[in-house]
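Below is one structure, written out as C-alpha cells; the observations come after it.
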Amino acid sequence: MLVGLVVLWPGGAPAHERTGVGFDRQTQQATVTKVVKVSCASVNASGDTPTGDTSTAEGSSAQQQASGSCKRATIRVDTGNDKGRTFTEIVQPDQSRQLEQGEKVVVAYEPSAPKDLQYSVTDVNRRIPMGVLAIIFAVAVVVVGRLRGVMALVALAISFLVLNFFVLPAILQGSNPLVVAVVGASAIMLIALYLCHGLSARTSVAVLGTLISLLLIGILGSVFIDWAALTGNTDDNTGLIHGLYPSIDMSGLLLAGIIIGSLGVLDDVTVTQTSAVWELHEANPSMGWRGLYRAGIRIGRDHIASVVNTLVLAYAGAALPLLLLFSIAQSSVGGVANSELVAEEIVRTLVGSIGLVASVPVTTALAALVVAADRPGPGTASVPAQETTPAPPTAPAAAAATTTAGPAQGRGGRGRRRKR
C-alpha cells in the first residue's frame with residue numbers, strides 16, 4: 001500500500017479550460033433580493049402550443065406559459081469580481097424550483113455570453129442545512145460512541161482526504177483506476193480499522209478478511225464488466241468526464257467505484273464476525289477452532305441476510321427515479337435489466353453482495369484459527385505459586401476444616417465453596 005501511494009501519488013488534478021457544461025462551470029454565491037409576479041406574456045415568456053394539442057407535456061407547458069403568472073426575480077451576486085452586481089431572471093410557472101425573496105442561491109457565470117446573460121441561477125445554496133445536519137451527526141456519534149465515536153469521525157475525515165488528494169487526482173492524471181482504487185481502499189481500510197479498533201490481532205484478522213474479499217470483488221467485477229460490455233459511460237456526468245479526459249478508462253472507473261463502494265459494508269461485516277468469534281472464545285476458552293467456526297458462521301448467516309438486503313435496497317433507492325422511468329415506459333423486466341444503466345447497478349449490487357457473503361466464512365475461519373491458539377491445553381490445571389507443608393492442625397481446627405471443605409473437595413478437590 002505504501003509503495004502504491006508513493007508511485008501513484010499525483011501532483012494535483014490537471015488543469016483544463018472550462019467548457020461551461022454541467023458541473024464544469026464557474027459559479028458564485030448570490031441572494032434573491034426581490035421577486036415580483038408578472039404576466040408571462042408581458043415578459044415574452046409565452047409560446048404557442050407546438051402541436052396544437054394541450055394534452056401533451058409540451059402543449060400543457062406552452063399553455064401555462066401563455067396564460068399563467070411568471071416571476072421576475074432580482075438576484076445580487078455576493079462573491080467574485082462582480083460582487084454587488086444584480087441581474088434579473090424569469091421563473092416559469094411550471095419550473096420545479098420557484099425562487100423566493102431572501103433565498104440564497106448558486107449562480108453560474110459564463111464570461112463569453114452577452115453581459116445581460118452572463119449569470120444564471122443553477123441551484124439553491126444548501127450550506128447551512130447541510131452543515132447543521134453534519135453537526136447533529138457528529139454529536140450523535142460522539143455521545144453514543146464516546147472515544148470510539150471520536151476515532152470514527154477522525155477516520156471518516158482521513159477517508160475523505162485520501163479520496164480527494166489521492167484517488168480522484170490520480171485517476172484524472174491517467175493512472176489505472178483499478179490500481180488506484182485498490183491502493184486507496186487499502187489505505188482507508190487500514191487507517192479506519194486500526195484507528196477505531198486498535199492495533200491488535202483481532203483487528204488484523206478483520207483487515208485480512210477485508211483484503212481477501214476486496215480481491216474477490218475486483219476479480220469478479222473485472223470479469224463481468226468485460227463480459228457484459230459495460231462502458232461506464234451512461235449519463236451526462238460520465239460523458240462530460242470522458243470528453244474532458246479521454247485517457248480515463250471509464251470501465252475501470254466503474255470497477256473502482258464498485259470496490260470503494262463495497263469497502264464500507266465489508267468493514268462492518270469483518271469486524272463484527274471477528275468480534276463474535278473472540279467473544280465466543282472468551283465465553284468458552286476450551287472450544288476448538290471447528291467449534292468456534294460453526295458458532296461464528298451461525299451468527300454470520302443472520303448478518304448476511306440483513307447486509308445483502310441493505311445493500312440491494314441502497315442501490316435500488318439510489319436508482320429509484322430511473323426505475324420509475326422504466327415503469328412509466330412499461331418496459332419488460334428483461335428489457336430493463338438489459339439496458340446499460342440498470343445493468344451497471346445489477347453488476348455493482350451482485351458483485352458487491354458476493355464479496356460480502358464470501359467475507360463471512362473467510363473472516364470467521366481466520367478468526368477461529370487465530371483465537372483457538374490461545375485455548376488452554378488438555379490436562380492443564382492452575383498450580384499455586386508456592387506449595388508448603390502445613391503444620392498438623394489441632395483437633396478443633398481439623399474438624400472445622402473438614403466440615404467446611406469436605407463437600408467442596410468431594411466435588412473435585414479444588415476446595416471451592418458454593419456461593420449461597
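Bear in mind the structure is a predicted one, so any value in this text is a computation, not a measurement.
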(message) Can a donor-acceptor pair be found, under 3.5 Å and without considering hydrogens, that links the side chain of T349 to the backbone of E345?
(response) yes
(message) Using the rule side-chain contact (heavy atoms from CB on, under 4.5 Å), only one of V167, L168, V162 pairs with N164; which is it?
(response) L168
(message) Could you check whether any side-chain N or O of T203 sits under 3.5 Å from a backbone N or O of L199, counting only pairs where one atom can act as donor and the other as acceptor?
(response) no
(message) Once rounded to the nearest 0.5 Å, what's the spacing between atom CD1 of I354 and atom CD1 of I219?
(response) 12.5 Å
(request) Using distance alone, with no hydrogens and no angle criterion, decide if T363 and Q273 have a side-chain donor and acceptor under 3.5 Å apart. (result) no
(request) Would you give the length of the straight line joining atom CE of M287 to atom CZ of R294, rounded to the nearest 0.5 angstrom? (result) 9.0 Å
(request) Check whether the side chains of T210 and T270 place a donor and an acceptor atom closer than 3.5 Å, and report yes or no. (result) yes
(message) Could you tell me if the side chain of L350 sits less than 4.5 Å from the side chain of F224, heavy atoms only?
(response) no
(message) Please report the interatomic distance CG(L214) to CD1(I260), rounded to the nearest 0.5 Å.
(response) 10.0 Å
(request) Give the minimum heavy-atom separation between L280 and G296, together with the two atoms involved. (result) CD1-N, 3.8 Å
(request) Taking atom CZ of R127 as the centre, report whether more than 12 heavy atoms of other residues, nucleotides or ligands fall under 6.0 Å from it. (result) no
(message) Under a 3.5 Å threshold, yes or no: a donor from one side chain and an acceptor from the other, between S286 and N284?
(response) yes
(request) For residues I171 and P177, report the shortest heavy-atom separation together with the two atoms involved. (result) CG1-CA, 4.2 Å
(message) Contact between P10 and L8 at the side-chain level, heavy atoms closer than 4.5 Å - yes or no?
(response) no
(request) Check whether any side-chain heavy atom of R85 sits under 4.5 Å from a side-chain heavy atom of K115, and report yes or no. (result) yes
(message) Which heavy atom of V277 sits nearest to which heavy atom of V371, and what is that distance?
(response) CG1-CG1, 3.8 Å
(request) Look up atom OG1 in T272 and atom CG in D302, then write down how far apart they are to the nearest 0.5 Å. (result) 12.5 Å
(request) Give the intermediate values and the outcome of side chain to side chain contact (heavy atoms under 4.5 Å, CB included) for residues T27 and Y109. (result) CA-CA 6 Å; T27 59; Y109 174 64; over 6 Å; no
(request) Rounded to the nearest 0.5 Å, what's the gap from OG on S69 to CD on Q92? Could you check? (result) 11.0 Å
(request) Go through the structure and list residues passing side-chain hydrogen bond (donor to acceptor under 3.5 Å, both in side chains) with T86, not counting sequence neighbours. (result) none
(message) Do I212 and L366 have side chains that approach each other closer than 4.5 Å (heavy atoms only, starting at C-beta)?
(response) yes
(message) Tell me the closest heavy-atom pair linking V183 and G4, and the distance in Å.
(response) CG1-C, 3.8 Å
(message) Rounded to the nearest 0.5 Å, what separates atom OG in S222 from atom CG in L178?
(response) 6.5 Å
(message) To check you understand the geometry: which heavy-atom pair defines the closest contact between V370 and V205, and what is its length?
(response) CG2-CG2, 3.9 Å
(request) Mark yes when over 12 heavy atoms from residues, nucleotides or ligands other than R202 sit less than 6.0 Å from its CZ; otherwise mark no. (result) yes
(request) Examine distances only and state if a side-chain atom of E89 and a backbone atom of I75 form a donor-acceptor pair shorter than 3.5 Å. (result) no
(request) Show your working on side chain to side chain contact (heavy atoms under 4.5 Å, CB included) between K37 and R72 and close with a plain yes or no. (result) CA-CA 6 Å; K37 288 186 177 181; R72 180 190 287 116; over 6 Å; no
(message) Testing the basics here: between L190 and M1, what is the closest heavy-atom pair and its distance to 0.1 Å?
(response) CD1-CE, 3.5 Å
(message) Applying side-chain hydrogen bond (donor to acceptor under 3.5 Å, both in side chains), can you list everything that pairs with T79, at least two apart in sequence or on another chain?
(response) Q28
(request) Check the pair D249 / N176 against side chain to side chain contact (heavy atoms under 4.5 Å, CB included), numbers first and verdict last. (result) CA-CA 7 Å; D249 180 9; N176 189 307; 5.7 Å; no
(message) Show, in sequence, the C-alpha distance, side-chain angles and deciding distance for L220 and V347, and conclude whether the side chain to side chain contact (heavy atoms under 4.5 Å, CB included) test is met.
(response) CA-CA 9 Å; L220 287 176; V347 170; over 6 Å; no
(message) I'd like to know if the side chain of K104 pairs up with that of T31 as donor and acceptor (distance under 3.5 Å, no hydrogens or angles considered).
(response) yes
(message) Test your reading of the model: is there a side-chain donor-acceptor pair from T33 to the backbone of T74, 3.5 Å cut-off?
(response) yes
(message) Contact between I188 and L163 at the side-chain level, heavy atoms closer than 4.5 Å - yes or no?
(response) yes
(request) Would you confirm whether S262, through its side chain, and G352, through its main-chain N or O, come within 3.5 Å as a donor-acceptor pair? (result) no
(message) Is it the case that the side chains of S200 and Y194 hold a donor-acceptor pair, with the cut-off being a distance below 3.5 Å and no angle test?
(response) no
